[in-house]
Amino acid sequence: NVSLLKFRLETTAGTAEISSITVKRLGSGSDGDISSYYIYRDNGDGNFSSVSDILLGAGQSFVSNWSTYNVTNVYQSTKTIRAGTAVDFFIVADIASGAGDLNTFGVEISSSIYIRYRTGADVTLASATIPASSTIATIRTAIPSVTFGRSTATWTGDPFFKFTGN
């Protein structure tokens, strides 16, 4: 669970029920570098936690850099946004075991039109944080090697060791 992006939604009046959010994958890697991504509703503390935040649905994958995350959580309070209350959400990704070393990745919600919701006609979904893009992260699948050796230099007292790595 790598937390990639935090965004906030609110309504101008009434309530809105989030049904789906379309997300774009960014970076030099491939769609398969991210095995699945998830969207969580924040529990109100402002920090991501897979234990205490609320998962909105099943993991999704990317196809040609795009994916629509369908909100399938059955609890109404999980997907409902009420007027006067801003709600934070997190996009979280699982990196695939076969992801390319040094590939980069991130996510983006480029416009509020990519957020689908059900509501009455008097409600407008608003967000001060959309468009929103995560920072671009680098995948490191290879652990740098370290070589340990003893120096041949003359030294009195404690032995002198040298470490080299990449």
Side-chain angles (χ1 to χ4, degrees), residues 1-63 65-97 99-141 143:
N1 283 335
V2 177
S3 179
L4 297 175
L5 179 65
K6 177 181 176 180
F7 63 97
R8 176 172 286 177
L9 299 175
E10 55 191 309
T11 65
T12 56
T15 61
E17 180 184 309
I18 304 299
S19 59
S20 68
I21 300 172
T22 300
V23 179
K24 182 178 183 184
R25 184 188 59 78
L26 305 173
S28 66
S30 69
D31 291 335
D33 285 344
I34 297 176
S35 60
S36 295
Y37 77 94
Y38 309 86
I39 299 180
Y40 287 80
R41 180 184 175 124
D42 185 34
N43 66 4
D45 69 359
N47 299 305
F48 172 69
S49 167
S50 62
V51 175
S52 60
D53 291 334
I54 303 163
L55 182 62
L56 296 184
Q60 300 291 319
S61 58
F62 290 95
V63 176
N65 298 332
W66 290 91
S67 178
T68 297
Y69 190 91
N70 294 305
V71 177
T72 58
N73 190 306
V74 296
Y75 298 106
Q76 190 68 29
S77 62
T78 299
K79 52 190 171 184
T80 300
I81 300 170
R82 302 187 190 298
T85 304
V87 179
D88 291 332
F89 296 88
F90 298 97
I91 298 177
V92 178
D94 289 338
I95 306 305
S97 60
D101 191 32
L102 300 178
N103 282 355
T104 61
F105 68 96
V107 293
E108 171 183 79
I109 301 172
S110 56
S111 171
S112 61
I113 65 168
Y114 291 116
I115 301 171
R116 301 283 180 234
Y117 58 96
R118 287 173 237 148
T119 187
D122 62 335
V123 175
T124 301
L125 192 63
S127 174
T129 62
I130 293 178
S133 295
S134 69
T135 57
I136 301 296
T138 301
I139 297 170
R140 289 303 316 244
T141 59
I143 299 172

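What you are looking at is a predicted structure, and each value in this text was computed from that prediction instead of being measured.
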**OP:** Could you tell me how the ring of Tyr69 sits relative to the ring of Tyr37: parallel (under 30°), tilted (30 to 60°) or perpendicular (over 60°)?
**Re:** tilted

Original post:
What residues, two or more places apart in sequence or in another chain, satisfy salt bridge (Lys or Arg N to Asp or Glu O under 4.0 Å) together with Asp94?
Top reply: none

Taking only residues at least two apart or on different chains, which pairs with a member in [range] satisfy salt bridge (charged side-chain N to carboxylate O under 4.0 Å, His left out)?
range: residues 101-117; value: Asp101-Arg140
range: residues 44-53; value: none
range: residues 18-36; value: Arg25-Asp31

If you define the side chain from C-beta out and look only at heavy atoms, does anything of [X] sit under 4.5 Å from [Y]?
X: Ser20; Y: Asn70; value: yes
X: Ile81; Y: Phe89; value: yes
X: Leu56; Y: Arg41; value: yes
X: Ile91; Y: Ile109; value: yes

Specify the closest pair of heavy atoms between [X] and [Y], including all atoms of both residues, with the distance to one decimal.
X: Gly59; Y: Ser36; result: CA-CB, 4.3 Å
X: Gly106; Y: Ser134; result: CA-OG, 3.2 Å
X: Tyr38; Y: Gly57; result: CD2-O, 4.3 Å
X: Ala86; Y: Glu10; result: CA-CB, 4.0 Å
X: Leu102; Y: Thr138; result: CA-CG2, 3.8 Å
X: Gly46; Y: Phe90; result: O-CZ, 3.8 Å

**OP:** Could you tell me whether the side chain of Thr68 and the main chain of Thr22 form a donor-acceptor pair under 3.5 Å?
**Re:** no

Subject >> Heavy-atom donor-acceptor pair, Ser61 side chain to Ser35 backbone, under 3.5 Å >> reply: no

**OP:** Assess whether side chain to side chain contact (heavy atoms under 4.5 Å, CB included) is satisfied between Ile130 and Leu9, documenting all intermediate values.
**Re:** CA-CA 9 Å; Ile130 293 178; Leu9 299 175; 3.9 Å; yes

Original post:
How long is the span from the CZ atom in Arg8 to the OG1 atom in Thr129, to the nearest 0.5 Å?
Top reply: 7.5 Å

Subject >> Nearest-0.5 Å distance that lies between atom OG in Ser112 and atom CZ in Phe7 >> reply: 11.5 Å

**OP:** Using the side chain to side chain contact (heavy atoms under 4.5 Å, CB included) rule, take Asn43 and Ile54 through it: C-alpha gap first, then chi angles, then the decisive distance, then the call.
**Re:** CA-CA 7 Å; Asn43 66 4; Ile54 303 163; 5.8 Å; no

Which donor-acceptor pairs under 3.5 Å do the side chains of residues 72-79 make with protein atoms, sequence neighbours left out?
residue	atom	partner	partner atom	Å
Asn73	OD1	Tyr75	N	2.9
Asn73	ND2	Leu55	O	2.9
Gln76	NE2	Glu17	OE1	2.7
Gln76	NE2	Thr80	OG1	3.1
Lys79	NZ	Asn73	O	3.2

Original post:
Taking only residues two or more places apart in sequence, or in another chain, which ones meet Thr104 in a side-chain hydrogen bond (donor to acceptor under 3.5 Å, both in side chains)?
Top reply: Ser28

